[in-house]
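Heads up, the thing below is written out as structure tokens.
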Amino acid sequence: MDTISALWKLDTLESANGYLTSHESNPPRLHHFIDGYFGNNSESGKWIESINPRSGKLLLQIPSGTVTDVDRAVDAASRAFPAWSKTSRQERSQVLIRISDILNEQKELFAVWESIDQGKTLARARVEVERAVSNFRYFATYILHEEGAVRYVDGQPSTLTYENRSPLGVFGLISPWNMPLYLLTWKIAPCIAFGCTGVAKPSEVTSITAFLLCEVFRQAKLPVGVMNLVFGDGPGTGSALVKSPRVRGVSFTGGTSTGIRIRQDTVADIGKHLSLELGGKNPTLVFDDVELTKAVPLAARAAFENSGQICLCGSRIYVQRAVYGKFLPALAEYVQTHYKLGETMGPVVSREHYMKVRSYLVQAWEENAVFHTGELPDEAPQQGFWITPTVLSGLNTDSRVMREEIFGPVVTVCVFDTEEEAIALANDNPNGLASIVMTNDLARMRRVGECIDSGLVWVNCWLVRELGTGFGGMKASGTGREGGAFSRDVFTNLRTLHVSHS
Ligand SMILES: NC(=O)c1ccc[n+]([C@@H]2O[C@H](COP(=O)([O-])OP(=O)(O)OC[C@H]3O[C@@H](n4cnc5c(N)ncnc54)[C@H](O)[C@@H]3O)[C@@H](O)[C@H]2O)c1
Ligand SMILES: O=C/C=C/C=C(\O)C(=O)O
């Protein structure tokens with residue numbers, strides 16, 4: 001039986017794990033999805049091994065897409081573009097609704113595989129699949145309600161001016177491993193909703209739900225070639241996609257160094273649209289007027305959700321002096337009680353990532369940080385990539401542990417005195433993706449919230465999303481915004497007309 005038919009039926013952890021155990025000697029192999037067809041195996045004959053983060057064992061193999069594979073996918077998307085870009089908004093909306101309905105019917109299947117592949121808890125995976133369904137629903141209806149204005153040019157009543165948009169063309173959509181399905185659908189849904197076609201490349205570390213999503217496209221009768229998917233790594237497959245002159249735009253989510261590379265690789269292609277959502281080292285500011293019973297769980301969740309592997313995680317906590325002495329032990333106790341490896345918390349995604357997170361913990365140890373929870377992980381992980389959630393204090397503000405994105409279950413806690421100092425500490429970082437402010441003082445919420453240099457500011461909450469608002473980062477955290485009309489700007493070309501009728 002082909003891989004997609006085999007995986008598609010396995011919608012419980014028991015059945016999926018049973019299948020994997022019985023295939024240990026011949027693990028499933030995924031296929032590219034090009035022109036509506038699975039099975040275009042890698043021409044390189046090379047396969048990338050994808051590892052189960054809970055056990056450290058081989059999970060499956062994905063094709064290592066070549067330049068030829070990418071070209072074939074871009075060909076398919078280019079052939080599909082003229083017809084798809086001319087479909088009515090109603091037609092596109094209906095296809096997107098069908099996709100969201102099928103995804104919704106199969107949400108347990110997707111949650112199970114996302115949990116196995118990425119290591120996240122099933123509960124977390126379920127939330128992300130729901131959000132993926134919402135991505136398709138949101139853009140399916142957004143395009144039906146777009147508004148535009150026609151007006152007279154000032155002082156020239158016989159000349160009308162208005163804006164007209166057309167779909168840009170073929171897009172390269174590249175996503176990371178931390179929220180594989182959610183972040184890929186955040187790109188695919190607006191891409192096809194606004195009349196573009198595309199080639200998606202998920203992270204080589206987590207590929208299964210992207211593969212399953214192609215079966216949803218097939219069942220929803222998305223016209224062939226409108227969305228294609230090529231597997232492979234960044235330097236080989238991703239880079240070929242980004243550099244293709246027929247790819248008119250790139251929407252990328254991932255690390256800042258990769259974003260810089262993509263910008264360099266496309267700099268001469270001046271008309272190519274680039275949307276870059278990159279890394280973060282997000283501050284959580286806790287003022288002394290908060291209720292600790294609310295502030296502690298919120299700070300903990302913001303730090304440790306998905307084992308700290310969310311770009312929006314609050315990984316450096318600053319607490320005002322009057323509550324610092326109570327906050328720190330309360331946080332440590334809360335984390336020890338509520339974040340249990342293997343129950344409410346998964347491993348980190350890969351051996352490579354484990355070693356990266358560990359290197360920061362070694363550094364913290366060498367700098368005499370206080371470990372309020374957590375310990376140094378083993379140098380060689382034996383069975384899966386498990387790291388105990390770690391709360392640190394006592395580091396200098398110039399420590400790499402305090403300045404660089406760790407992207408794991410590690411949070412640092414520091415003290416501050418004044419509001420000005422809190423703002424300065426929050427902004428003292430090259431990144432500017434998100435921040436969290438906890439206070440009950442309305443004037444302070446605005447005073448502080450409006451001068452933090454981050455694209456997203458959450459006051460007394462975290463990870464609240466409204467899909468029409470701008471999503472993205474300042475400074476090294478990115479270029480551009482996505483969401484609602486911001487996504488429309490990414491995926492369309494704007495022309496302004498002046499029509500004189502005298
Ligand atoms: N701002 C956001 O919305 C957001 C969301 C999630 C994750 N992230 C960031 O992503 C990072 C973790 O994910 P990651 O390790 O998968 O990131 P990564 O940058 O290593 O990889 C992301 C994707 O880019 C591809 N890639 C790598 N090199 C490439 C190249 N030269 N050309 C084209 N594609 C290339 C990879 O194969 C993968 O699909 C963290 O820094 C995190 O903060 C940001
Ligand atoms: O790592 C990036 C995470 C983005 C998450 C969301 O946009 C969300 O959960 O809505």
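Atoms within each ligand, like the ligands themselves, are counted from 1 in listed order. Predicted model, so just to flag it, every value in this text is computed and none were measured.
Looking at atom 30 (C) of ligand 1, its nearest protein heavy atom turns out to be G234 O, 3.7 Å. Nearest non-hydrogen protein atom to atom 9 (C) of ligand 1 is G254 O, 3.1 Å. Protein heavy atom in closest approach to atom 13 (O) of ligand 1: P176 CB, 3.3 Å. For atom 25 (C) of ligand 1, the closest heavy atom belonging to the protein is I174 CG2, 3.7 Å. Given atom 6 (C) of ligand 2, the protein heavy atom at minimum distance is Y182 CE2, 3.3 Å. Of the protein's non-hydrogen atoms, the one nearest atom 1 (O) of ligand 2 is C311 SG, 2.6 Å. In this structure, atom 7 (O) of ligand 2 lies nearest to the protein heavy atom R465 NH1, 2.4 Å. From the protein, the heavy atom lying nearest to atom 1 (N) of ligand 1 is L278 O, 2.6 Å. Closest to atom 17 (O) of ligand 1 among all protein heavy atoms lies G255 N, 3.4 Å. Regarding atom 10 (O) of ligand 2, its nearest protein heavy-atom neighbour is R131 NH1, 2.6 Å.
For M402 against R316, the heavy-atom pair with the smallest separation is O-CD, 3.7 Å.
Residue P202 places a heavy atom less than 4.0 Å from ligand 1. Judged by the shortest distance from any of its heavy atoms, F471 lies inside the 4.0 Å radius around the atoms of ligand 2.
At a 3.5 angstrom cut-off on N or O pairs, I310 does not count as close to ligand 2. Remark: ligand 1 and D265 share no N or O pair separated by less than 3.5 Å (distance only, no angle test).
Residue contacts with ligand 1 for D233 involve N, CA, C or O but no side-chain atom from C-beta outward (heavy atoms, distance under 4.0 Å). With a heavy-atom cut-off of 4.0 Å, E405 touches ligand 1 through its side chain alone. If you look at T253 next to ligand 2, there are no close heavy atoms at all, none under 4.0 Å. Only the side chain of M179 comes within 4.0 Å of ligand 2, counting heavy atoms alone; its backbone N, CA, C and O stay farther away.
Protein non-hydrogen atoms do reach within 4.0 Å of atom 34 (N) of ligand 1.
Side-chain contact check for T388 versus M345: every heavy-atom pair is 4.5 Å or farther apart. When side chains are defined from C-beta on, I51 counts as touching L58, because their heavy atoms get closer than 4.5 Å. Side-chain contact between Q106 and V216 is absent, with no heavy-atom pair separated by less than 4.5 Å. Side-chain contact between R124 and I310 is present, with at least one heavy-atom pair separated by less than 4.5 Å.
Comparing L173, N178, V205 against atom 7 (C) of ligand 1, the shortest heavy-atom distance belongs to N178. Here atom 29 (C) of ligand 1 lies nearest to T258 when heavy atoms of N282, L456, T258 are compared. Of the candidates S175, P180, A200, it is S175 that places a heavy atom closest to atom 38 (C) of ligand 1. In this comparison of E204, Q309, E277, the heavy atom closest to atom 37 (O) of ligand 1 sits on E204. Remark: among candidates F231, F252, W186, F407, the nearest residue to atom 24 (O) of ligand 1 is F252, based on non-hydrogen atoms.
Between F33 and F38, the ring planes are tilted. Angles from 30° to 60° get that label. Between Y142 and Y138, the ring-plane angle classifies as tilted under the 30° and 60° cut-offs. Below 30°, between 30° and 60°, or above 60°: for H32 and F231 the angle between ring planes is below 30°, a parallel geometry.
Every atom of ligand 1 with a heavy atom of W177 under 4.0 Å away is listed here by number and element: 13 (O), 14 (P), 15 (O), 16 (O). Remark: ligand 2 atoms within the under-4.0 Å shell around heavy atoms of N178 are 1 (O), 2 (C). Atoms of ligand 1 found under 4.0 Å from any heavy atom of G238, numbered from 1 in the order shown, are 32 (N), 33 (C), 34 (N). Interface atoms of ligand 1 facing C311, defined by a heavy-atom separation under 4.0 Å, are 1 (N), 2 (C), 3 (O), 4 (C), 5 (C), 6 (C), 7 (C), 8 (N), 43 (O), 44 (C). Counting the atoms of ligand 1 from 1 in the order shown, those under 4.0 Å from a heavy atom of L433 are 1 (N). Atoms of ligand 1 lying under 4.0 Å from at least one heavy atom of R261, given by number and element, are 31 (N). Every atom of ligand 1 is numbered from 1 in the order shown, and the set under 4.0 Å from a heavy atom of G279 is 41 (O), 43 (O). In the vicinity of L312, heavy-atom distances shorter than 4.0 Å reach the ligand 2 atoms 3 (C), 4 (C), 5 (C). Listed by atom number, the atoms of ligand 1 under 4.0 Å from F471 heavy atoms are 3 (O). Short contacts between ligand 1 and L183, defined as distances under 4.0 Å to a heavy atom of the residue, involve ligand atoms 5 (C), 6 (C).
Ion pair E215/R218 flagged as a salt bridge, since at least one NZ, NE, NH1 or NH2 atom sits closer than 4.0 Å to an Asp/Glu carboxylate oxygen. Electrostatic pairing of D75 and R246 counts as a salt bridge here, judged by a charged N lying under 4.0 Å from a carboxylate O. Checked for salt-bridge contact, D489 and R481 miss the test: no charged N lies under 4.0 Å from a carboxylate O. A salt bridge does not link K243 with D269: none of the charged nitrogens is closer than 4.0 Å to a carboxylate oxygen. Ion pairing between R72 and D69 holds under the 4.0 Å rule for side-chain N and carboxylate O.
A 6.0 Å sphere centred on CZ of R79 holds more than 12 heavy atoms belonging to other residues, nucleotides or ligands.
Of the N and O atoms on the side chains of E114 and T209, at least one donor lies less than 3.5 Å from an acceptor on the other residue. Residues S175 and K187 have side chains that never bring a donor and an acceptor to within less than 3.5 angstrom of each other.
The aromatic ring centroids of F171 and F491 lie less than 6.0 Å from each other.
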- Message: As a quick check of understanding, evaluate side-chain contact (heavy atoms from CB on, under 4.5 Å) for L456 and F471, giving each step before the final call.
- Response: CA-CA 7 Å; L456 297 144; F471 181 86; 3.6 Å; yes
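Looking only at distances, no side-chain donor or acceptor of K120 sits under 3.5 Å from a matching main-chain atom of Q309.
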